[in-house]
Amino acid sequence: MKKIKISPSILSADFSQLANEIKRLESGGADLIHVDVMDGHFVPNITIGPPVIKSLRGITKLPFDVHLMISPVHDYIKNFAEAGSDIITIHPEATNNLTDSIEYIKSFKKKIGVSLNPDSPIELIEKNLNKIDLVLIMSVFPGFGGQKFIPNVIEKIKRLKKIKETKNFNYEIEVDGGINFSNYKKVIEAGADILVSGTTIFKENNGDIKKNIEILRVL
Ligand code: DX5
Ligand code: ZN
């Protein structure tokens, strides 16, 4: 039985208490910490950057699953690697050469993720699937937490799972955006290995993080 990993997004956390919120996630059973980095250019919102990641690094041993919604992204990879990211996920539209950016992330001995927006086809990244550790399927258009899940990404998850199995690739499939208690089972059954959730984990059941993470794991 596949163990589903949960990567809570701190975008929905209380930013005035980020260290405590990360400790709550760790004691609540999170497997990774999803850090949404936004630049107000690639997406219409601005969040945090390398200094905040660096200051949070000592708070937890959990891997920082860093989602870079910034462009151009290539020249910032070093900063995020040195700040303590464990997985660095980029969008193909945010770099002039995806293969170069993938190799650059690998040069820092970090895991490499590539993210597909709801309207970005698998073809955009197909020739690089053999080089990456993670495909981050966006089930909302990036930029904000609390948005509604876009159901037609389910087909994309199924296709990526099929490609992975038939070509014996190693990437994990992570799904991000609008995951809640009524859609998470469909997402897992379609082939997700990791679920990102912000609103559901921080807000449901009066903010009982442990309970919310447990629910998202049960099929
Ligand atoms: C959106 C971010 C997501 C978002 C998830 O641009 O990439 O990680 O924070 O938050 P919810 O679970 O509230 O959709
Ligand atoms: Zn994200």
Side-chain angles (χ1 to χ4, degrees), residues 4-15 18 21-22 24-25 28 30-49 52-53 56 62-71 73 76 80 85-94 111-120 125 132-154 156-157 172-188 192-205 207-209 211-213 215-217:
I4 298 301
K5 286 188 256 183
I6 305 295
S7 186
S9 163
I10 56 171
L11 185 63
S12 303
D14 173 352
F15 269 43
L18 268 185
E21 297 277 75
I22 286 177
R24 282 177 70 210
L25 291 171
D31 298 286
L32 307 109
I33 301 289
H34 189 80
V35 183
D36 284 311
V37 177
M38 301 180 187
D39 65 355
H41 176 240
F42 186 72
V43 291
N45 196 358
I46 298 178
T47 58
I48 58 174
V52 176
I53 291 174
L56 294 170
L62 288 180
F64 281 166
D65 168 28
V66 177
H67 178 191
L68 296 182
M69 290 161 275
I70 67 175
S71 72
V73 66
Y76 290 94
F80 283 98
S85 309
D86 296 282
I87 303 170
I88 296 178
T89 296
I90 61 176
H91 285 255
E93 299 91 345
K111 284 195 169 184
I112 161 75
V114 178
S115 185
L116 287 175
N117 282 343
D119 57 352
S120 300
I125 64 171
I132 61 178
D133 304 291
L134 180 89
V135 178
L136 177 61
I137 303 283
M138 293 309 295
S139 34
V140 296
F141 284 91
F144 299 91
Q147 299 181 80
K148 205 166 159 358
F149 181 84
I150 299 170
N152 68 19
V153 304
I154 292 281
K156 197 184 273 184
I157 301 168
E172 290 187 288
I173 298 170
E174 184 176 52
V175 183
D176 182 6
I179 301 279
N180 59 35
F181 295 150
S182 55
N183 62 32
Y184 80 97
K185 287 187 181 173
K186 271 196 302 267
V187 171
I188 295 171
D193 302 296
I194 307 170
L195 300 181
V196 175
S197 166
T199 306
T200 296
I201 287 178
F202 278 100
K203 308 282 186 254
E204 290 292 344
N205 292 304
D208 183 338
I209 286 178
K211 182 172 184 165
N212 295 335
I213 288 177
I215 294 171
L216 288 175
R217 277 201 225 286

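Ligands are counted one by one from 1 in listed order, and the atoms in each one are counted from 1 as well.
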Shortest-distance N/O/S atom, [X] versus the Zn ion (ligand 2):
X      : value
His34  : NE2
His67  : ND1
Asp176 : OD2
Asp36  : OD1

What's the separation between atom [atom1] in [X] and atom [atom2] in [Y], rounded to the nearest 0.5 Å?
X      : Y      : atom1 : atom2 : value
Ile215 : Asn180 : CD1   : CG    : 11.5 Å
Leu195 : Ile6   : CG    : CD1   : 4.5 Å
Ile4   : Arg217 : CD1   : CZ    : 9.0 Å

Self-check item: No-hydrogen, no-angle side-chain donor-acceptor test under 3.5 Å, His67 and Asp65
Solution: no
Self-check item: Donor-acceptor side-chain pairing of Asp36 and Thr47 below 3.5 angstrom
Solution: no
Exercise. Let me see the working for Ser71 and His41 under side chain to side chain donor-acceptor pair (under 3.5 Å), right down to the final yes or no.
Key: CA-CA 7 Å; Ser71 72; His41 176 240; 3.1 Å; yes
Quiz item: Does the distance from a Lys or Arg side-chain N to an Asp or Glu carboxylate O, for Lys5 and Glu172, drop under 4.0 Å?
Solution: yes
Quiz item: Looking at Asp208 and Arg24, does any basic side-chain N land under 4.0 Å from a carboxylate oxygen?
Solution: no
What are the atom names and distances for all N or O pairs under 3.5 Å between ligand 1 and the protein?
{"residue": "ligand 1", "atom": "6 (O)", "partner": "Gly143", "partner atom": "N", "Å": "2.7"}
{"residue": "ligand 1", "atom": "7 (O)", "partner": "Asp36", "partner atom": "OD1", "Å": "3.0"}
{"residue": "ligand 1", "atom": "7 (O)", "partner": "His67", "partner atom": "ND1", "Å": "3.2"}
{"residue": "ligand 1", "atom": "7 (O)", "partner": "Asp176", "partner atom": "OD2", "Å": "3.1"}
{"residue": "ligand 1", "atom": "8 (O)", "partner": "His34", "partner atom": "NE2", "Å": "3.4"}
{"residue": "ligand 1", "atom": "8 (O)", "partner": "Asp36", "partner atom": "OD1", "Å": "3.2"}
{"residue": "ligand 1", "atom": "8 (O)", "partner": "Asp36", "partner atom": "OD2", "Å": "2.8"}
{"residue": "ligand 1", "atom": "8 (O)", "partner": "Asp176", "partner atom": "OD1", "Å": "2.6"}
{"residue": "ligand 1", "atom": "8 (O)", "partner": "Asp176", "partner atom": "OD2", "Å": "3.0"}
{"residue": "ligand 1", "atom": "9 (O)", "partner": "Ser9", "partner atom": "OG", "Å": "3.1"}
{"residue": "ligand 1", "atom": "9 (O)", "partner": "Asp36", "partner atom": "OD2", "Å": "2.9"}
{"residue": "ligand 1", "atom": "12 (O)", "partner": "Gly198", "partner atom": "N", "Å": "2.7"}
{"residue": "ligand 1", "atom": "13 (O)", "partner": "Gly146", "partner atom": "N", "Å": "2.8"}
{"residue": "ligand 1", "atom": "13 (O)", "partner": "Thr199", "partner atom": "N", "Å": "3.0"}
{"residue": "ligand 1", "atom": "13 (O)", "partner": "Thr199", "partner atom": "OG1", "Å": "2.4"}
{"residue": "ligand 1", "atom": "14 (O)", "partner": "Gly178", "partner atom": "N", "Å": "2.8"}

